[in-house]
Amino acid sequence: MNPQLKPRWHLTPREAIREQERLRARLVLEDQFKEIRLVAGADLAFDPDTETAFAGVIVYRFPALEEIERRSARLKLQFPYVPGLLSFREGPALTAVFARLRNAPDLILIDGHGRAHPRLFGIACHMGVLFDKPTIGCGKSLLVGEHDMPATRAGSTAPLWYQGERVGEVLRTRDGVKPIYVTVGHRVALATAVELIKRCCDGYRIPKPTREADHYVGVLRREHQRKAGRKTTD
DNA sequence: GCGACAG
DNA sequence: ATCTTGTCGC
């Protein structure tokens with residue numbers, strides 16, 4: 001966590017927008033790191049009934065992609081889902097899980113966008129600035145921007161444009177499968193981000209760190225719901 | 001006013 | 001994000 005910044009989560013939508021514009025000034029869109037030895041993937045799952053979120057983060061040795069640690073955290077979501085303000089909904093939970101890690105990752109992969117955002121400051125940028133770490137956004141669908149479809153073959157890319165700026169890269173991670181959106185979060189140049197993401201892919205559409213984190217929190221959520229349902233059923 | 005809209 | 005089984009294809 002960047003000691004200079006204290007997270008400000010409980011804001012009104014209007015204040016949240018101002019916060020994004022304030023933090024945006026701290027973004028570093030170029031490579032600013034030494035060696036990447038540990039990569040972390042994080043994700044959330046949530047139970048609509050209780051508004052409870054299950055956050056999970058898994059740390060891998062890079063480039064081997066061998067898991068060395070995984071942690072989780074559970075808490076109520078306070079902010080509604082508003083396109084463009086995702087970090088204010090998921091940020092508290094992500095901050096909580098990362099605080100539990102023993103191994104400090106050198107690179108963080110976040111589900112969602114970075115620069116490809118209405119105000120050029122998506123959740124990947126937000127978390128990157130707060131943690132003061134190289135961060136990359138891995139989106140499964142588009143929020144803003146325009147692009148051509150990359151060629152059918154795995155490894156093909158197409159630039160993602162928004163407001164005259166190249167904010168990301170559409171990456172085909174598997175032959176003939178729907179591509180993913182790679183966007184800069186913090187301290188990593190776009191071209192570098194694409195290369196790093198490619199090296200985190202192991203044959204599936206979603207890069208291993210985020211894919212495994214997604215599966216992890218899904219299991220946690222269902223496990224918790226199973227217990228809750230049991231109490232009121234028998 | 002209409003349509004779009006990460007997770 | 002979540003609700004959800006089988007099924008078509010490599």
Side-chain angles (χ1 to χ4, degrees), chain A residues 9 13 16-17 19-20 23-24 41-57 72-97 108-129 135-147 152-154 160-163 167-186 193 197 203-207 209-226 228-229:
Chain A
W9 302 124
I17 288 175
E19 176 71 351
Q20 293 180 322
L23 294 176
R24 184 176 57 195
D43 196 18
L44 287 195
F46 83 102
D47 172 15
D49 301 319
T50 60
E51 279 294 295
T52 299
F54 297 83
V57 56
S72 67
R74 174 164 67 93
L75 62 163
K76 304 269 188 186
L77 294 187
Q78 303 291 333
F79 202 90
Y81 168 67
V82 179
L85 298 178
L86 180 65
S87 59
F88 294 90
R89 178 171 172 77
E90 305 194 339
L94 291 176
T95 300
V97 254
I108 295 172
L109 271 38
I110 294 289
D111 257 307
H113 291 94
R115 278 239 115 193
H117 175 275
R119 289 167 294 281
L120 305 177
F121 196 76
I123 189 169
C125 297
H126 201 148
M127 294 304 115
V129 168
T135 305
I136 299 173
C138 297
K140 296 184 290 295
S141 63
L142 191 63
L143 173 59
V144 297
E146 304 176 331
H147 68 86
T152 313
R153 293 305 178 189
L160 172 59
W161 300 92
Y162 183 61
Q163 296 182 348
V167 295
E169 210 71 16
V170 187
L171 171 65
R172 187 87 67 177
T173 51
R174 292 193 63 182
D175 287 0
V177 166
K178 185 181 187 216
I180 64 171
Y181 297 87
V182 179
T183 60
V184 169
H186 188 48
I197 289 299
Y204 294 86
R205 181 167 91 109
I206 307 301
T210 47
R211 189 183 72 243
E212 292 296 315
D214 176 79
H215 179 250
Y216 177 40
V217 296
V219 171
L220 289 176
R221 180 178 64 78
R222 286 187 287 276
E223 194 63 23
H224 186 266
Q225 288 183 320
R226 184 179 62 70

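Sequence lines set the chain letters: A, B, ... in the order given, protein chains first and strands last, and positions in each chain run from 1.
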Test item: [X] and [Y] side chains (from C-beta on) under 4.5 Å apart, heavy atoms:
X	Y	answer
A:Arg74	A:Thr52	yes
A:Arg24	A:Cys125	no
A:Phe88	A:Pro13	no

- prompt: Under 6.0 Å between ring centres, would you say that holds for A:Tyr162 and A:His117?
  reply: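 No - the distance between ring centres of A:Tyr162 and A:His117 does not fall below the 6.0 Å cut-off.
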*Thinking salt bridges, do A:Arg211 and A:Asp43 make one under a 4.0 Å N-O criterion?*
no
N-O pairing of A:Arg221 and A:Asp47 below 4.0 Å: no
### Message
Any base atoms under 4.0 Å from A:Ala53, or only sugar-phosphate, or nothing? Heavy atoms, all strands.
### Response
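Contact class for A:Ala53: none.
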What does A:Arg174 touch in the nucleic acid at a heavy-atom separation under 4.0 angstrom: a base, only the sugar-phosphate, or nothing?
nothing
Quick one: [X] [atom1] to [N] [atom2], roughly how many Å, whole number?
X	N	atom1	atom2	value
A:Phe79	C:dA1	CZ	C1'	16 Å
A:Lys76	C:dA1	NZ	C1'	17 Å
A:Arg221	C:dT4	CZ	P	11 Å
A:Ile110	C:dA1	CD1	C1'	16 Å
A:Asp49	C:dA1	CG	P	17 Å

Distances under 3.5 Å between nitrogen or oxygen atoms of protein and nucleotides 2-7 of chain B:
unit_1, atom_1, unit_2, atom_2, d
B:dA6, OP2, A:Tyr81, OH, 2.4
B:dA6, O4', A:His113, ND1, 3.4
B:dA6, N7, A:Gly84, N, 3.1
B:dA6, N6, A:Gly84, O, 3.2
B:dA6, N6, A:Leu85, N, 3.3
B:dA6, N6, A:Leu86, N, 3.1
B:dA6, N6, A:His117, NE2, 3.4
B:dA6, N1, A:Ile123, N, 3.2
B:dA6, N3, A:His113, N, 3.1
B:dG7, OP1, A:Lys140, N, 2.9
B:dG7, OP2, A:Ser141, OG, 2.9

Exercise. Please test A:Ile206 against A:Thr173 for side chain to side chain contact (heavy atoms under 4.5 Å, CB included), starting from the C-alpha separation and ending with a verdict.
Key: CA-CA 7 Å; A:Ile206 307 301; A:Thr173 51; over 6 Å; no
A correct dot-bracket answer for DNA chain B, with pairs being Watson-Crick or G-U at under 3.5 Å, [ ] for crossing pairs and | for inter-strand pairs, is .......
_Using a 6.0 Å cut-off, check whether atom CD of A:Glu146 has over 12 heavy atoms from anything other than its own residue._
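No, the 6.0 Å shell around CD holds no more than 12 heavy atoms from other groups.
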